[in-house]
Peer 1: 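First, the structure itself, so that you have it in front of you.
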Amino acid sequence: MANHNNLSLLESLPQDLLGEILSRVASSSREDIRQCVTVSRTISAATQDYCVFNKLSLRPQAMSPLLTFGRYHQLMNRCLQSDNPAAHYIEGLKQYFIHENTILGLFHLKKSAENSYDNGTYIYGILMLCTGNTEEGKLFLGMLDWETSKRRADRCWRENKKSLRNFIIILKHEYTPSLMNNLPPTSCHINDLDTRRVKNFI
């Protein structure tokens, strides 16, 4: 009886509030939100809310973006329509590195970064540096607070490396001048080896 009353109370909430609650479930686990679909018609309908797809966790897909070529088409489309930052990250990687559509790829990666998706922020910032847009690159990389702590940016580096592990990436000619300009100094401060300089970041 208690469980039935709790469910009735949850179902009586305004649809937007119910959607916000379910979006928090969605942000931690796609499997958990799947279970909500079977609870009741009201809860099932609320799982289709914009907020739910906007916050839906896509970590497995983000770590293996190539999987989305053969699967998850409907899911990815719905998440892109809901401005899900992880979906923009996945689509950005595919467009930029697989389809070689740099304009559309950067559009999606920037959307991901602007919506505070760390991996999207990192790769967009790095691509800006590589293509000569140094100030914009520094601006976005600065959002990771790497000068305060390297831990967050280093995690992004590892996870982007994992996401791109099955991509064939060719060094573009336009990257060379920018990479040369960002080479770290040949000398370092022996007594300050733990401090990362701006040019050591990439």
Side-chain angles (χ1 to χ4, degrees), residues 10-11 13-128 131 136 140 143-144 155-170 172:
L10 186 63
E11 289 176 319
L13 294 173
Q15 194 71 11
D16 57 343
L17 180 56
L18 185 54
E20 179 61 32
I21 292 171
L22 292 174
S23 74
R24 301 194 179 203
V25 177
S27 68
S28 61
S29 171
R30 183 166 160 249
E31 293 304 316
D32 286 346
I33 207 68
R34 275 180 170 176
Q35 296 298 321
C36 293
V37 174
T38 64
V39 173
S40 73
R41 289 184 179 180
T42 302
I43 302 296
S44 179
T47 63
Q48 302 304 306
D49 191 89
Y50 170 93
C51 290
V52 174
F53 283 93
N54 175 260
K55 298 285 178 58
L56 186 65
S57 173
L58 296 175
R59 182 169 176 78
Q61 293 77 16
M63 292 297 98
S64 298
L66 297 185
L67 291 177
T68 62
F69 276 109
R71 303 164 60 189
Y72 309 112
H73 291 166
Q74 187 175 355
L75 173 66
M76 290 299 300
N77 286 336
R78 187 64 187 274
C79 286
L80 284 171
Q81 291 169 7
S82 299
D83 218 18
N84 182 299
H88 281 298
Y89 170 75
I90 295 165
E91 188 64 21
L93 294 184
K94 288 161 59 179
Q95 291 294 337
Y96 194 95
F97 294 107
I98 301 297
H99 298 300
E100 297 186 355
N101 188 334
T102 57
I103 294 175
L104 188 56
L106 289 174
F107 167 80
H108 283 291
L109 291 173
K110 187 173 184 179
K111 291 277 286 185
S112 175
E114 289 174 339
N115 283 283
S116 303
Y117 189 72
D118 280 0
N119 289 348
T121 302
Y122 180 89
I123 192 68
Y124 181 77
I126 292 296
L127 287 172
M128 288 296 97
T131 53
E136 186 168 6
F140 276 86
M143 295 176 183
L144 299 173
R155 185 187 69 247
C156 292
W157 174 78
R158 290 192 300 270
E159 293 193 350
N160 270 284
K161 187 176 179 181
K162 184 176 182 180
S163 296
L164 294 167
R165 67 191 181 281
N166 294 319
F167 286 58
I168 298 174
I169 299 176
I170 300 172
K172 297 179 183 291

Peer 1: Check whether S112 reaches the backbone of P85 with its side chain - one donor and one acceptor, N or O, closer than 3.5 Å.
Peer 2: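 Between the backbone of P85 and the side chain of S112 there is a qualifying donor-acceptor contact (under 3.5 Å).
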
Peer 1: Measure from the side-chain N and O atoms of S64 to the backbone N and O of Q61, and report whether any donor-acceptor pair falls under 3.5 Å.
Peer 2: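 No, S64 side chain to Q61 backbone: no donor-acceptor pair under 3.5 Å.
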
Peer 1: Rounded to the nearest 0.5 Å, how far apart are CG of L164 and OH of Y96?
Peer 2: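 Answer rounded to 0.5 Å: 11.5 Å.
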
Peer 1: Rounded to the nearest 0.5 Å, what separates atom OG1 in T102 from atom CG in L127?
Peer 2: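 Here the interatomic distance stands at 10.0 Å.
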
Peer 1: Could you go through the side chain to side chain contact (heavy atoms under 4.5 Å, CB included) check for N119 and M63 one step at a time?
Peer 2: CA-CA 10 Å; N119 289 348; M63 292 297 98; 3.9 Å; yes

Peer 1: What I'd like to find out is whether the side chain of L93 reaches to under 4.5 Å of the side chain of L109, using heavy atoms alone.
Peer 2: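 Counting from C-beta outward, L93 and L109 do come under 4.5 Å.
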
Peer 1: Please indicate whether R155 has more than 12 foreign heavy atoms, meaning atoms of other residues, nucleotides or ligands, lying under 6.0 Å from its CZ.
Peer 2: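 Yes, CZ of R155 has more than 12 neighbouring heavy atoms, counting only those of other groups under 6.0 Å.
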
Peer 1: Would you find a donor on one side and an acceptor on the other, under 3.5 Å apart, between the side chain of N160 and the backbone of C156?
Peer 2: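 Present.
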
Peer 1: Determine the interplanar angle of the Y89 and Y117 rings, folded into 0 to 90°, and report it as parallel if under 30°, tilted if 30 to 60°, perpendicular if over 60°.
Peer 2: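 Taking Y117 first and then Y89, their aromatic rings sit tilted (interplane angle of 30° to 60°).
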
Peer 1: Quick check: closest heavy atoms across V52 and T47, and the distance to 0.1 Å?
Peer 2: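 That closest heavy-atom pairing would be CG1-O, 3.3 Å.
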
Peer 1: Can we say K94 and E91 salt-bridge, meaning some charged N sits less than 4.0 Å from an Asp/Glu carboxylate O?
Peer 2: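 Yes, charged N to carboxylate O under 4.0 Å.
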
Peer 1: Could you tell me if the side chain of T131 sits less than 4.5 Å from the side chain of L106, heavy atoms only?
Peer 2: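 Contact flag for L106/T131 side chains = no.
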
Peer 1: Just by distance, do the side chain of S23 and the backbone of E20 share a donor-acceptor pair under 3.5 Å?
Peer 2: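 Flag set: sc S23 to bb E20 pair under 3.5 Å.
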
Peer 1: In Å, rounded to the nearest 0.5 Å, how long is the span from NE2 of H88 to CG of L58?
Peer 2: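 Answer for the NE2-CG pair, H88 versus L58, is 11.0 Å.
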
Peer 1: Any heavy-atom pair between the side chains of F140 and I126 that's under 4.5 Å?
Peer 2: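 Heavy-atom side-chain distance check fails, nothing below 4.5 Å.
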
Peer 1: Using every non-hydrogen atom in the two residues, find where S28 and V25 come nearest and quote the distance to one decimal.
Peer 2: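 So the minimum-distance heavy-atom pair works out to OG-O, 3.0 Å.
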
Peer 1: Would one find more than 12 heavy atoms of other residues, nucleotides or ligands at under 6.0 Å from atom CZ of R165?
Peer 2: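 Atom CZ in R165 is crowded, with more than 12 foreign heavy atoms closer than 6.0 Å.
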
Peer 1: How many angstroms lie between atom CD of Q74 and atom SG of C79, to the nearest 0.5 angstrom?
Peer 2: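 Between Q74 CD and C79 SG, I get 10.5 Å after rounding to 0.5 Å.
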
Peer 1: Less than 4.5 Å apart, any side-chain heavy atom of L75 and any of R30?
Peer 2: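 Side chain of L75 against side chain of R30, heavy atoms only: contact under 4.5 Å found.
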
Peer 1: Can you establish whether the number of heavy atoms outside I170 located under 6.0 Å from its atom CD1 is more than 12?
Peer 2: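 Check fails, neighbour count at 12 or below.
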
Peer 1: Quick check against the 3.5 Å criterion: does S163 have a side-chain atom that pairs as donor or acceptor with the backbone of A62?
Peer 2: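 Judged by distance alone, yes, a pair lies under 3.5 Å.
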
Peer 1: What is the minimum heavy-atom distance between Q81 and Y50, and which atoms define it?
Peer 2: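 Taking every non-hydrogen atom into account, O-CE1, 4.0 Å.
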
Peer 1: Kindly compute the distance separating OH (Y72) from CD1 (I90), expressed to the nearest 0.5 Å.
Peer 2: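 So the gap between those two atoms works out to 10.0 Å.
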
Peer 1: Just verifying a value: how many Å separate N54 CG and R78 CZ, rounded to the nearest 0.5 Å?
Peer 2: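 It is 11.5 Å, given to the nearest 0.5 Å.
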
Peer 1: Step by step, work out the side chain to side chain contact (heavy atoms under 4.5 Å, CB included) result for D118 and E159.
Peer 2: CA-CA 10 Å; D118 280 0; E159 293 193 350; over 6 Å; no

Peer 1: Give the minimum heavy-atom separation between N84 and F53, together with the two atoms involved.
Peer 2: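 Smallest heavy-atom distance, with atoms named: ND2-O, 2.8 Å.
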
